[in-house]
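Okay, so here's the structure we're looking at.
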Amino acid sequence: MATLTLNRPGARNGLSLALLAALRSALEEIAADDTIRCVVIRAEGPVFCAGHDLKEITGHFGDRDGGQAFFADSMARCAQVMQAIPALPQPVIASVQGMATAAGCQLATACDLVVAADAARFCTPGVEIGLFCSTPAVPLSRAVPRKAAMEMLLTAEPIGAEEARRIGLVNRIVPRDALDEETAALAARIAGRSALAVQLGKRTFYHQAGLPLADAYAAAAAAMVENLLAEDAAEGIGAFLAKRAPEWRHR
């Protein structure tokens, strides 16, 4: 398991360009490391992530172009990180201990799974400062029903962990003092599976989700055939029939 920790608690773990670059670099390294089976993204301090670093953004309002070039670069870099997470071969779990707001909510929602502390909250408050959370809406609208997403985006009201789980944004809720332990246990459970099957399954899940029904079945069927031809499928099926634990070869 690899753990990435947002460690700017004094800045509410705001996604500065430096932090986005560090996240992207870490994700690239993890993608190339076939010994890593699962990834956890967590944070230090009371806030999971407050989104883009607004002080960094406002520092460019006085640029000759009004900040356009900087803003475009910032959004592009953030989008690269958010897309790298579902594209990563390994499953990614967000471990959310506090408030995840704006692009911080986007970061949590972009992960494959979310484990939240019972006091965690999620919010897309951009409309309160005249800046609609259009980029956080991308993973949000793919994770929860559209009307639930629009309510969060239009009202800017934070939702608690229980409501987040009800609408499908959160998978599990645990006491704050058990968050790290429970997240690690979930990661270990996932890491104990065939890496080949998990990686193929994750890739196929996101691919088929954007396809028409017939094309989705065709893509999934092709993935099943590819999976059945792997050594781990033969080992897993054989172990199941023999009532023994499988010995994964991850190929």
Side-chain angles (χ1 to χ4, degrees), residues 4-24 27 41-61 66-68 70-86 92-117 119-165 167-170:
L4 303 180
T5 300
L6 308 181
N7 196 18
R8 300 184 69 214
R12 297 165 60 86
N13 293 315
L15 296 175
S16 63
L17 288 190
L19 182 52
L20 287 170
L23 279 170
R24 185 179 181 188
L27 292 170
I41 296 180
R42 62 179 300 279
E44 287 293 332
V47 175
F48 175 73
C49 178
H52 288 284
D53 189 325
L54 294 182
K55 289 185 178 179
E56 188 175 64
I57 285 176
T58 57
H60 290 269
F61 283 152
Q68 181 177 354
F70 178 82
F71 303 153
D73 183 52
S74 296
M75 295 304 121
R77 290 172 184 262
C78 186
Q80 288 168 353
V81 170
M82 301 303 168
Q83 291 176 86
I85 292 171
V92 183
I93 305 171
S95 179
V96 182
Q97 86 289 9
M99 175 67 87
T101 183
C105 183
Q106 180 183 3
L107 177 61
T109 311
C111 294
D112 303 305
L113 301 174
V114 178
V115 180
R121 294 188 296 163
F122 301 83
C123 185
T124 50
V127 290
E128 291 190 334
I129 59 171
L131 186 65
F132 196 87
C133 284
S134 293
T135 45
V138 175
L140 185 65
S141 64
R142 285 159 169 76
V144 307
R146 288 190 176 184
K147 285 183 170 53
M150 282 300 291
E151 182 172 352
M152 289 182 65
L153 293 161
L154 290 170
T155 67
E157 294 176 357
I159 62 171
E162 287 292 349
E163 175 65 7
R165 179 168 61 179
I167 64 175
L169 198 159
V170 162

Flag the pair [X] / [Y] as yes when at least one side-chain heavy-atom distance between them is below 4.5 Å, and no otherwise.
X	Y	answer
I167	E163	yes
L19	D53	no
V138	P136	no
C78	T135	no
F122	V114	yes
L4	L27	yes

How close do [X] and [Y] get, counting heavy atoms only, and between which atoms?
X	Y	answer
C133	P125	SG-N, 4.0 Å
C105	A100	CB-O, 3.5 Å
V170	A161	CB-O, 4.4 Å
T109	A143	CG2-CB, 3.6 Å
C49	L15	SG-CG, 3.6 Å
L140	L153	CD2-CG, 4.3 Å

Quick check against the 3.5 Å criterion: does [X] have a side-chain atom that pairs as donor or acceptor with the backbone of [Y]?
X	Y	answer
Q97	G45	yes
T124	M152	yes
E44	T5	no
R8	G14	yes
N13	V47	yes

To the nearest 0.5 Å, what is the distance between [atom1] on [X] and [atom2] on [Y]?
X	Y	atom1	atom2	result
T101	H52	OG1	NE2	11.5 Å
L154	F132	CG	CZ	5.0 Å
L23	L107	CG	CG	6.5 Å
E157	E151	CD	CD	6.5 Å

Exceeds 12 heavy-atom contacts within 6.0 angstrom, atom CZ of R165: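 Yes, enclosed.
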Taking everything shown except R121 itself, do over 12 heavy atoms lie less than 6.0 Å from its CZ?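 Count not over threshold, so no.
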Ring-plane angle category for F61 and F71, please: parallel below 30°, perpendicular beyond 60°, tilted otherwise.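 Ring orientation, 0 to 90° scale: perpendicular.
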